[in-house]
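Labels below follow one simple rule: chain letters A, B, ... track the order of the sequence lines, proteins then strands, and each chain is numbered from 1.
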Amino acid sequence: MKWWITGFLLIFFSILSLFIGVSDLSITDLFSLSAEQQEVLFVSRIPRLISLLIAGMSMSIAGLIMQQLSQNKFVSPTTAGTMDSARLGILVGMLLFPSASMMEKMLLAFLFALAGTFVFMKILDKIRYRDAVFIPLVGLMFGNIIGSVTTFLAYRFDLVQSIGTWLHGDFSMLIEGRYELLYLSLPVVILAYIFAHHFTIAGMGEDFASNLGLSYQKVLYLGLGLVALITASVVLTAGMLPFLGLIVPNIVTIYQGDHLRSSIWQTAVLGALFVLVCDILGRVIIYPYEISIGLTVGVLGSGIFLYLLLRRRAYGL
Amino acid sequence: MVDVTNVSKAYKEVKVVDDVSVHIKKGTITSFIGANGAGKSTLLSMVSRLIPKDEGSVLLDGEEITSYDNKELAKRLSVLKQSNNIKVRITVRELVSFGRFPYSQGKLKKEDEKLIDEAIEYMQLEDFEGRFLDELSGGQKQRAYIAMVIAQDTEYILLDEPLNNLDMKHSKQIMKALRRMVDDLGKTVVIVIHDINFASCYSDHIVALKDGKCVYEGHPEEMITNNVLREVYDMEFNVCNIDGNRICVFFT
Ligand SMILES: Nc1ncnc2c1ncn2[C@@H]1O[C@H](COP(=O)(O)OP(=O)(O)O)[C@@H](O)[C@H]1O
Ligand SMILES: [Mg+2]
């Protein structure tokens, strides 16, 4: 896929996304917006679009980094317990500090996501049977265990309602004032680009990295830190976006190769595009109602995941 | 020079490298030979600080190798391990460019590009430079890795079985290239090698390991003899003098 095709599609769907919805707002109104239409555009539609784009982009890059560092194409925030851990962190935050600010919740989500991913990486080290498919299954189980702890705690303390949004990704609630945390992902993504060479080299193995004077451990921790930050900010604002960080990087690296410098922007654009399309689908399928993005991304994503699994020999995954 | 003194390494109480001392002179090719499992790779990995040693010291130009700064060391000593079956899809040129990473940290300058071009040319990889590694044959891949080490342009070059997977033509090409790097550029090369005849024809110094111990070392003329080789490999050899080179015959 040429970069300009995805780029063009991204712009096209972005504009389209602004003019889909229950409130009456069409592109022809753009230069004669009523007060009400302005409100819809600036308070709801534009924040929604921005958060879609950032979330899609950063989650995909998080997946790309994880796959590179673990040397496994099927490791991602979904299949390594990162997302579930972030969500547990949010719940723990709500239990222990009910009046915690968004930033404080973010910090807890980040710490939990980091710890969870780290534990998974340690489990990976211990697994002898390192088949490419086996590992994400272990990760999914690990995520499910953490997920059930979250659910149990939520039932126990009557917080099921509150964690509902974090159970399924949902952009419909992301109005002005509730999505800005996502901007945190932007500098993280830029850091990922700056350290693209480091991640690629670390992905070639510890000895390979040492030969080039690179501390494998440091790069690993840096990468996991970035992944945890991205995941925490996305889960806290938009919710769970399953399989995104798994399928997008895989599609890109099939034709672009594994060097992060060449795959990172493609991954960003395709990730944003994928979430955008899923969101638009979710908004039009049962119009005027909406299917949450967690569901559309999950259904499409797991479908593509299965396809990649079945075709993995052909793509050398 | 590299001074290896009384180095040992044990895995689960079994000493796989046992009290080995070797002196590696500047501007020479030193070959480690020995049967499978003799401890050659382990020794090379300790000399290049890839694995920690249990005992002994490795001094690079007088300073313990593990006390060097990682980045500085990467500009002075490069090491290529035995099996490079990493399944990463990067192109040959991207791989060779990594050789410049210690100097450029990823931001390649003009002179880096020039050295990368030269390394690719040196290993005759021009036709493959845009190909992904996983689309190459074992030998082509091996040459790409060696090109990376050449681009790294270090004073000391340590290679574990660099002739793995290579046909005769490319084996000879690599040995000649190493010889040139030593003779013309003053580099110091240490290789683990199984082809005893290449070791005989191209080395300045041969170190023979057996069961983790250094059993013999010396100039090829002292090393490539029926008696020494019989003891190192536990089999019969017939060393002949052909065109001034000592060649071993052991095939039947
Ligand atoms: N990481 C390890 N754990 C346990 N044993 C090892 C390890 N690496 C090497 N060995 C053992 O040490 C011995 C020497 O190995 P090696 O140095 O690779 O031999 P060579 O390169 O001479 O064939 C072998 O018996 C091997 O099984
Ligand atoms: Mg070996």
Margin query: With ring pair (Phe, Tyr, Trp, His ring centres under 6.0 Å) as the criterion, how do F118(A) and Y221(A) come out once you've worked through the C-alpha distance, each side chain's angles and the decisive distance to 0.1 Å?
Written below: CA-CA 9 Å; F118(A) 198 73; Y221(A) 294 147; 5.8 Å; yes
Next item on the list: Can you tell which part of F98(B) gets under 4.5 Å to a heavy atom of chain A, answering side chain, backbone, both or neither?
Entry: both
Check: Which bit of S262(A) is near chain B, if near means a heavy-atom gap under 4.5 Å: side chain, backbone, both or neither?
Finding: side chain
Notebook entry, point to check: Considering only heavy atoms, which portion of L50(B) lies under 4.5 Å from any heavy atom of chain A: side chain, backbone, both, or neither?
Noted result: both
Next item on the list: Using only heavy-atom distances, determine whether the side chains of S233(A) and S185(A) contain a donor-acceptor pair under 3.5 Å.
Entry: yes
Notebook entry, point to check: Based on non-hydrogen pairs under 4.5 Å, which of G205(A), S210(A), S215(A) is most in contact with chain B?
Noted result: S210(A)
Notebook entry, point to check: Would you call K187(B)-D153(B) a salt bridge at under 4.0 Å N-O?
Noted result: yes
Note to self: What I want to check is whether the side chains of Y122(B) and R143(B) have a donor and an acceptor closer together than 3.5 Å.
What the structure shows: no
Check: Does any heavy atom of chain B fall under 4.5 Å from the side chain of E206(A), the backbone, both, or neither of them?
Finding: neither
Margin query: If we define contacts as heavy-atom pairs under 4.5 Å, which of V79(B), L95(B), V149(B) has the most with chain A?
Written below: V79(B)
Checklist line | For chain B, the option from S263(A), G257(A), G203(A) that forms the most heavy-atom pairs under 4.5 Å | finding: G257(A)
Checklist line | Side-chain donor-acceptor pair present, S48(B), K81(B), cut-off under 3.5 Å | finding: no
Next item on the list: Please test H197(A) against H259(A) for ring pair (Phe, Tyr, Trp, His ring centres under 6.0 Å), starting from the C-alpha separation and ending with a verdict.
Entry: CA-CA 8 Å; H197(A) 278 92; H259(A) 199 303; 4.9 Å; yes
Margin query: So for R100(B), is it side chain, backbone, both, or neither that comes closer than 4.5 Å to the heavy atoms of chain A?
Written below: neither
